[in-house]
Amino acid sequence: MNHPIYPKDHTFLRIAHRGGAGLAPENTLEAFKAGLACEPDAVELDIHMSKDRKLVLMHDPMVETTTDGQGEIGNKTLAELKLLDASVHFPHGSLPPHRIPTLEEVIDLTGRRALLQIEIKVRADNTRYPGIEQQLVHILSKYHLIDRTTVLSFDFPTLESVRNIEPRLKTCALIGRTYFGNTALSSPEIASFIASLGVDCIGTDRRFLDDTLFREYRKHSLTAGVWVVNDPEDMKRFADMGVDFITTDRPDLLRMIGDRSLAASH
Ligand code: G3P
Ligand code: CA
């Protein structure tokens, strides 16, 4: 893969999913601290917008999935969200309270230690948060991170909106169970459709990415990655396939794979 930000000694970009969701409660500062300690090439994170229009990290639109609260994130102010404990559903032991971070808090922590993959999420009713793209571009510009960020989404109009606001931002379409469950397209047709979106990149759920589909992506010169890969054998398999990035909850395991210098010394 020829890319100006592609590390020379890696065969693919190693992405810490939700900061490092297998290491600490997902999308919290603690997850990013644990993930960054594994020296990933990039961190992936999910953003929603609070009632008072702050960008905050969470995967689901409903706070009960990961916190001790209830209700929709978009109906709560940042102050209300900050009272919640985002550690309560982490499966590995009981932890002190972990707070929901803002995007800016995560950027302050990450700095330039890793590239950013920022996924824009939608509300519980699948509608877009009005103005979330402008808000994101504003923050990335303020921190001079436009050239270090890829914006991801399952919602393709969101990516078009991002490109219209800031054409220098890279965009990456995501496809997974919902997409594959609703399409009758063949692999060549899927790749052709994704290429027609004008995105830089395609991220595919690991359960649906095979050699045939990957080859079709390549025919369209799409940068192509896979998520969420936590098993080391799967990591090796996708590395052998030639993917451009692997996204994992376990950046500690992934750091050993695809690193030519480490591979040579083991
Ligand atoms: O990076 C892509 C991946 O995060 C998409 O899936 O459900 O974990 O946001 P999800
Ligand atoms: Ca995500």
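No hydrogens, no waters, no symmetry mates; every other heavy atom, side chains included, goes into these values. In each ligand, atom 1 is the first atom listed, and ligand 1 is the first ligand listed.
- Looking at E44 and the Ca ion (ligand 2) together, the shortest N, O or S contact belongs to OE2.
- With the Ca ion (ligand 2) as the vertex, OE1 (E119) and OD1 (D46) define an angle of 90°, rounded to 10°.
- Contacts of ligand 1 (protein heavy-atom distance under 4.0 Å) are H17, R18, E44, D46, H59, E119, K121, L152, F154, L174, W227.
- A salt bridge does not link E39 with R113: none of the charged nitrogens is closer than 4.0 Å to a carboxylate oxygen.
- Between D52 and K54 no salt bridge is recorded (no basic side-chain N to carboxylate O distance below 4.0 Å).
- Ring orientation note: the planes of F208 and F180 are close to parallel, at an angle under 30° on the 30°/60° scale.
- Closest approach of T171 and D200 over heavy atoms only: N-OD2, 2.8 Å.
- Between D211 and R237 there is no salt bridge, since no side-chain N of the basic residue sits under 4.0 Å from a carboxylate O of the acidic one.
- Under a 4.0 Å N-O distance rule, the pair E160/R128 does not qualify as a salt bridge.
- Remark: the Y143 side chain and the D108 side chain contain an N/O donor-acceptor pair separated by less than 3.5 Å.
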